Number of protein chains: 4
Amino acid sequence: MPEHSFRKVFASLESAVPPVPGHLKPRKTPVQSRSGATVEAIHEAVVQVLLTEGLARLTTTRVAERAGVSVGTLYQYFPNKQALLFTILLQHFVEMAEVIEKVSRDRAPRPLADLADGLADAYFSVKLARPEVTTALYRIAGAIDQVRLPPDVFKRLETAVTQALKHASDATFHDPERAAFTLLSALAGVARAGFSRPVSDPAFLRRLHREGRLLSRAYLRAAADTAADLSATS
Amino acid sequence: MPEHSFRKVFASLESAVPPVPGHLKPRKTPVQSRSGATVEAIHEAVVQVLLTEGLARLTTTRVAERAGVSVGTLYQYFPNKQALLFTILLQHFVEMAEVIEKVSRDRAPRPLADLADGLADAYFSVKLARPEVTTALYRIAGAIDQVRLPPDVFKRLETAVTQALKHASDATFHDPERAAFTLLSALAGVARAGFSRPVSDPAFLRRLHREGRLLSRAYLRAAADTAADLSATS
Amino acid sequence: MPEHSFRKVFASLESAVPPVPGHLKPRKTPVQSRSGATVEAIHEAVVQVLLTEGLARLTTTRVAERAGVSVGTLYQYFPNKQALLFTILLQHFVEMAEVIEKVSRDRAPRPLADLADGLADAYFSVKLARPEVTTALYRIAGAIDQVRLPPDVFKRLETAVTQALKHASDATFHDPERAAFTLLSALAGVARAGFSRPVSDPAFLRRLHREGRLLSRAYLRAAADTAADLSATS
Amino acid sequence: MPEHSFRKVFASLESAVPPVPGHLKPRKTPVQSRSGATVEAIHEAVVQVLLTEGLARLTTTRVAERAGVSVGTLYQYFPNKQALLFTILLQHFVEMAEVIEKVSRDRAPRPLADLADGLADAYFSVKLARPEVTTALYRIAGAIDQVRLPPDVFKRLETAVTQALKHASDATFHDPERAAFTLLSALAGVARAGFSRPVSDPAFLRRLHREGRLLSRAYLRAAADTAADLSATS
DNA sequence: AATGAATGAGTATTCATTCAT
DNA sequence: TATGAATGAATACTCATTCAT
């Protein structure tokens with residue numbers, strides 16, 4: 001019985017920032033086709049500028065330029081610079097959550113080892129989908145961590161993993177939230193270290209993925225209520 | 001035989017930046033006691049400003065003020081603002097390396113489980129020594145991820161862990177560098193996630209540490225050459 | 001015989017700006033009822049925005065929004081933002097002139113005291129009709145004092161007062177323009193001071209009016225040709 | 001017994017703004033001679049830019065340029081643009097207050113007519129001292145009236161006039177504050193109207209002054225507790 | 001050595017105005 | 001005619017860095 005649930009870690013973030021900070025919401029919903037394209041172009045421009053110029057040189061003007069629009073237009077869709085970064089980070093987290101949710105959803109319980117692989121695969125599939133984008137995201141992270149992402153996003157991720165853990169056919173978790181937190185953090189650490197390099201080498205990234213699997217399996221097996229103990233009592 | 005050694009991960013950083021970028025070296029070596037005190041005061045001031053004001057409000061003038069010296073004096077010891085941040089980060093890494101080196105140095109080989117705990121303990125002992133400082137360091141990280149730390153520092157850390165792994169009395173590693181890299185990255189991920197919160201709760205930090213141990217033991221056991229173990233049993 | 005007529009004061013403004021600056025004229029005369037309504041709505045919107053948001057937040061977009069039309073439409077009726085402010089100020093002056101003209105028009109000569117009261121009453125009746133509008137107008141004043149109102153407007157006001165002074169049955173003015181100028185300026189000063197407050201208190205405004213009367217009577221009596229009267233009696 | 005003293009007019013301003021708004025205070029007190037000269041140069045530059053370019057083109061950069069310093073230096077002495085305008089306006093009011101205080105201070109009671117002239121003379125002496133500065137001040141007024149001058153300044157002015165009125169040897173005032181308010185407002189109106197012209201003609205300004213005297217005498221005589229009534233009772 | 005005043009490039013953001021639809 | 005998305009010039013303010021004293 002944990003005196004301080006890991007769920008609190010994320011919960012504590014909630015008080016600091018309202019669920020969806022008003023000043024970070026897009027100003028207008030892009031309904032017209034042109035608008036949609038513009039927003040997309042700006043998104044991509046942020047990534048490009050981040051990759052080629054770095055966070056320090058990421059100015060609103062530069063992003064607009066790269067996107068082929070005027071600053072004014074940029075500000076029509078994003079209330080401020082933070083929102084620019086925020087959006088692409090948020091999008092990434094949502095993507096991640098969706099993929100992880102799939103691991104256990106609509107599926108029969110599976111052996112823990114399978115789940116562990118599934119989680120690692122899900123995690124790295126998103127990270128590896130567009131390596132440059134992932135790299136760009138790590139550049140951003142520091143600049144955002146003040147005005148944090150809406151805690152919902154974190155919670156959703158954590159919950160997705162927690163759910164997956166409950167789907168294990170051959171293991172139970174005393175404190176699944178804690179395990180979910182640690183697993184996610186560890187995978188994040190490995191991914192971050194791997195992507196914190198100017199260039200991403202495909203072969204290296206593949207190995208990174210494999211290490212992630214190894215880590216996932218090993219940690220989860222260790223964190224589960226040891227079967228050994230249970231069988232011993234019988 | 002890895003087609004792409006993990007050592008390369010850090011080595012690849014070398015090309016981007018000269019080993020010890022000249023413009024980040026302290027301008028004068030603090031030989032006099034007064035100078036030493038000044039540098040120390042500035043160090044501490046950086047941490048304090050970071051903690052109380054945040055990265056965005058960390059200006060050279062403010063740091064100088066807090067340190068009780070003039071900006072001019074600050075620039076006598078640090079060539080630029082980057083160097084200011086750089087220095088305290090570097091110091092942290094050196095500290096970390098020293099502690100990890102102690103794990104295996106001048107010691108007889110030990111069981112892997114012991115080593116795993118020793119490494120996790122070493123890692124968290126540094127992180128938990130001054131939690132606020134650790135928090136401050138994570139704030140910085142993003143800001144200097146452009147001008148990276150000299151790869152030596154990373155390599156030294158990685159090497160320290162690698163050496164420790166070789167000290168295992170009951171396990172061998174096919175690719176100890178890889179294991180060292182993954183272990184360090186995973187621990188870093190857990191620590192980062194734990195400290196990326198406005199307030200650090202001692203109880204939570206203790207649990208973080210315990211999770212680190214669990215992770216360390218589990219991963220290392222899994223990463224070790226299982227084939228050897230199997231042949232031993234036969 | 002004044003070596004420098006007070007009429008010149010306003011006349012001197014003429015050289016600076018063409019009588020009715022082309023770029024401030026409404027673009028189209030609102031002949032249709034719909035157009036008339038639109039212009040009226042914009043007028044009112046300017047006042048409302050000014051009152052609720054302040055001059056600094058008076059943007060063309062905001063005015064259009066408040067008026068329930070698009071910016072484009074606004075620009076169909078007003079060539080630029082200046083014109084927007086200009087128009088409502090102009091309207092106010094015209095109103096004022098009309099009311100003051102009534103003081104003496106189609107009326108038999110009256111005692112100066114009566115006229116003085118009449119002028120003050122006229123002046124304040126306009127200012128007090130919609131106190132919030134008056135307040136809004138003072139907010140604007142500074143913003144357009146560059147591109148001044150067409151001097152005609154001032155002249156018309158001054159002339160109206162001058163005419164009234166000539167209607168005095170018991171006094172003559174050596175330089176009625178001068179007296180008109182001073183009286184108008186003084187009343188304007190009192191009104192401005194009174195309205196330059198966040199909130200308008202009805203009781204206070206009533207007293208303001210009374211002071212205006214007192215001022216008007218006192219000044220006009222003093223400014224009238226007392227010498228002539230005295231010599232006449234002797 | 002007025003149900004709403006005129007003193008309230010100014011008092012009501014007090015609640016809106018703290019006596020000396022922190023963000024308008026000069027950042028550093030100019031102790032060194034160079035600093036003093038710099039501040040003075042900036043002061044003068046504000047006036048010059050206002051006169052030659054107008055309020056709309058009064059930018060901090062432009063002022064700094066005109067003053068022969070960098071923007072940075074300007075901001076070393078003035079926390080923001082408002083403060084720039086604020087300062088010269090404040091200075092003007094202080095000057096005005098000082099001159100008006102002299103009218104009655106250290107003086108034996110005098111006839112009301114003398115005092116009236118004295119007040120008008122004081123008022124216009126300040127306005128006419130540097131006509132261009134006065135003109136510049138009127139341009140500013142509009143831009144400031146949001147963040148008002150510290151009410152102390154107004155009160156000091158009002159008090160000075162009130163005191164003077166009490167020094168009349170041949171008249172008493174039922175509500176001297178009210179009279180002070182009206183007189184000041186009226187004089188301000190006349191001055192404003194006179195200076196709201198591109199060019200100031202000395203001859204015209206002289207006449208303005210004379211009208212001010214006339215107005216002052218006439219109003220004060222009328223506002224005083226009528227001697228007629230008193231003599232009537234005797 | 002120390003100081004801190006001066007510098008000025010750099011940046012986020014606004015808003016009047018236009019014009020294709 | 002009406003719309004409102006797009007434009008981009010303009011501006012207040014900051015802060016790393018220098019250098020005369």
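Chain letters run A, B, ... following the sequence lines, proteins first, then strands; residues in each count from 1. Not measured: the values here are computed from a predicted model.
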Is the phosphate of E/dA2 approached by B/Ser70 (side-chain N or O, under 4.0 Å from OP1 or OP2)?
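No, outside the criterion.
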Is the distance from OP1 or OP2 of E/dT3 to the nearest side-chain N or O of B/Tyr75 less than 4.0 Å?
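Answer no for this pair, as no side-chain N or O of B/Tyr75 is under 4.0 Å from OP1 or OP2.
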Nucleotide-level pairing of DNA chain E, given in dot-bracket where Watson-Crick and G-U pairs need both distances under 3.5 Å and | marks other strands
.||||||||||||||||||||
To check you understand the geometry: which heavy-atom pair defines the closest contact between [X] and [Y], and what is its length?
{"X": "C/Glu53", "Y": "C/Arg62", "value": "OE2-CD, 3.8 Å"}
{"X": "B/Val153", "Y": "B/Leu90", "value": "CG2-CD1, 3.2 Å"}
{"X": "B/Ala136", "Y": "B/Leu50", "value": "O-CD2, 3.5 Å"}

Using the side-chain heavy atoms of [X], tell me which of these nucleotides is nearest: [options].
{"X": "C/Tyr77", "options": "F/dA2, E/dT17, F/dA12", "value": "F/dA2"}
{"X": "D/Val71", "options": "F/dT17, F/dA2, F/dC13", "value": "F/dC13"}
{"X": "A/Thr73", "options": "F/dA6, E/dA16, F/dA2", "value": "F/dA6"}

What residue among D/Thr60, D/Leu84, D/Val46, D/Thr73 forms side-chain contact (heavy atoms from CB on, under 4.5 Å) with D/Phe78?
D/Leu84
To the nearest 0.5 Å, what is the distance between NE2 on A/His92 and OH on A/Tyr138?
6.0 Å
To the nearest 0.5 Å, how far apart are NZ in C/Lys81 and OH in C/Tyr75?
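It is 8.5 Å, given to the nearest 0.5 Å.
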Gap between atoms CZ and C1', on D/Phe78 and F/dA12 respectively (whole Å)
16 Å
Nearest-Å distance, CZ (A/Arg57) to P (E/dG10)?
9 Å
Option among A/Arg66, A/Glu132, A/Arg57 that satisfies the side-chain hydrogen bond (donor to acceptor under 3.5 Å, both in side chains) test with A/Thr52
A/Arg66
Partners passing side-chain hydrogen bond (donor to acceptor under 3.5 Å, both in side chains) against B/Thr59 (at least two apart in sequence or in another chain)
none
Of the residues in residues 58-68 of chain A, which ones touch DNA chain E at a heavy-atom distance under 4.0 Å?
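Going residue by residue through residues 58-68 of chain A, the ones with a heavy atom under 4.0 Å of DNA chain E turn out to be A/Leu58, A/Thr59, A/Thr60, A/Arg62.
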Per nearest nucleotide of DNA chain F, the residue lying toward the 5' end, A/Val69 or C/Gly72, is C/Gly72
Should D/Leu51 and D/Val47 be marked as a side chain to side chain contact (heavy atoms under 4.5 Å, CB included) after you check the CA-CA gap, both sets of side-chain angles, and the distance that decides it?
CA-CA 6 Å; D/Leu51 247 24; D/Val47 173; 3.9 Å; yes
